Amino acid sequence: MSKEELEKLMENDAALVEYFEGRDDIKRLQEGRQKMVERNEELATANISLKPQLEEKQQELIELYGELEGQRNELADLQQQQQALADHYAPHNILSRLKIAASEVEEESEAISESFLNGDIVIDEFLKTYIPKKSLCHSRRAKEEKMERMGI
């Protein structure tokens with residue numbers, strides 16, 4: 001293009017626009033741009049159509065997360081219960097309670113014996129209460145000794 005032609009184009013905006021719009025590379029760029037706009041609109045429409053599904057899945061996720069939290073809390077409670085039971089039934093705790101129970105029964109049998117010796121109870125009542133208490137005491141002491149021999 002000559003200098004004169006360029007100057008005429010510069011002076012006439014319509015001619016300048018017509019010149020550029022007529023070029024093949026500009027046409028290809030505009031066509032590519034139009035295709036991208038159309039594709040973008042298609043994607044936006046597809047995304048909008050998926051919005052209800054997305055919201056439904058989000059709600060499901062919220063509900064499942066709530067269930068998970070509930071199950072975690074339940075698990076923690078069960079673990080605490082298990083630990084409490086494990087502690088309660090631990091051999092050393094059983095031995096301690098067995099010693100206490102044996103001592104208590106022994107004290108009760110001694111109190112019954114003293115009541116009999118003081119004449120507060122008759123022989124039939126003494127035998128009826130003393131023998132079972134003393135038997136229970138000896139049984140608990142035997143179990144206590146057995147657990148201690150086992151190294152508990």
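Note that the structure is a prediction, hence the values are computed from the model and not measured. Any value given below was found using the heavy atoms of this structure, including those in side chains, with hydrogens, waters and symmetry copies removed.
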ask   = With hydrophobic residues grouped by side-chain heavy-atom distances under 4.5 Å, do Ile121 and Leu127 end up in a single group?
value = yes
message = Could you work out, with salt bridge (Lys or Arg N to Asp or Glu O under 4.0 Å) as the rule, every residue matching Glu110, not counting sequence neighbours?
response = Lys134
Residues that Leu98 engages under side-chain contact (heavy atoms from CB on, under 4.5 Å), provided they are two or more places apart = Arg140, Lys143, Glu144, Met147
key: Atom of Ala102, atom of Cys137 and distance for their closest heavy-atom approach   = O-SG, 3.8 Å
query = Transitive ILVMFWY cluster of Val37 at side-chain heavy atoms under 4.5 Å: who else is in it?
reply = none
task = Look up atom CD1 in Ile112 and atom CG in Leu117, then write down how far apart they are to the nearest 0.5 Å.
result = 12.0 Å
note = Students should find that the hydrophobic cluster of Leu54, defined by side-chain heavy atoms under 4.5 Å apart, otherwise consists of none
key: Any residue meeting side chain to side chain donor-acceptor pair (under 3.5 Å) with Glu108, in chain and number order, not counting sequence neighbours   = Lys133
message = Does Gln30, at its CD atom, have more than 12 non-hydrogen atoms belonging to other residues, nucleotides or ligands within less than 6.0 Å?
response = yes
query = Mind checking what makes side-chain contact (heavy atoms from CB on, under 4.5 Å) contact with Lys57, not counting sequence neighbours?
reply = Glu60
query = So Arg39 and Glu42, salt bridge (charged side-chain N to carboxylate O under 4.0 Å, His left out) or not? Walk me through it.
reply = CA-CA 5 Å; Arg39 179 67 181 141; Glu42 289 172 5; 3.4 Å; yes
inquiry  = Under 4.5 Å side-chain heavy-atom separation, chaining through any Ile, Leu, Val, Met, Phe, Trp or Tyr, what else clusters with Val105? Say none if it is isolated.
reply    = Leu136
Side chain to side chain donor-acceptor pair (under 3.5 Å) pairs, two or more places apart, involving residues 71-81 = Glu69-Arg72
query = Counting only heavy atoms not in Glu7, do more than 12 fall under 6.0 Å of its CD?
reply = yes
request  = List for me each residue that meets side chain to side chain donor-acceptor pair (under 3.5 Å) alongside Asp25, sequence neighbours excluded, and say none if there are none.
outcome  = Arg23
query = Quick one: side-chain contact (heavy atoms from CB on, under 4.5 Å) partners of Lys51, sequence neighbours excluded?
reply = Glu55
request  = Provide the full list of side chain to side chain donor-acceptor pair (under 3.5 Å) pairs with a residue in residues 86-103, sequence neighbours left out, each pair given once.
outcome  = Gln83-Asp87, Lys99-Glu148, Ser103-Arg141
ask   = Transitively linked via ILVMFWY side-chain contacts under 4.5 Å: Tyr130 with Val122?
value = no
remark   = Distance col, row Ile26:CD1 vs Arg33:CZ, nearest 0.5 angstrom, shows 12.5 Å
key: Single-linkage hydrophobic cluster Leu78~Leu85, side-chain heavy atoms < 4.5 angstrom   = no
query = Donor-acceptor pair, Asn118 side chain versus Asp120 backbone, under 3.5 Å?
reply = no
Results of side chain to side chain donor-acceptor pair (under 3.5 Å) for Glu56 - residues two or more places apart only = none
query = Hey, any chance Leu43 and Leu50 share a hydrophobic cluster, counting ILVMFWY side chains that come within less than 4.5 Å of each other, even indirectly?
reply = no
request  = Answer with yes or no whether the hydrophobic clustering places Leu95 together with Met150; edges join I, L, V, M, F, W, Y residues whose side-chain heavy atoms lie under 4.5 Å apart.
outcome  = yes
key: Leu29 side, atom CG; Asp24 side, atom CG - distance, nearest 0.5 Å   = 11.0 Å
task = Check for a donor-acceptor pair, side chain of Ser115 on one end and backbone N or O of Ala111 on the other, with a separation under 3.5 Å.
result = yes
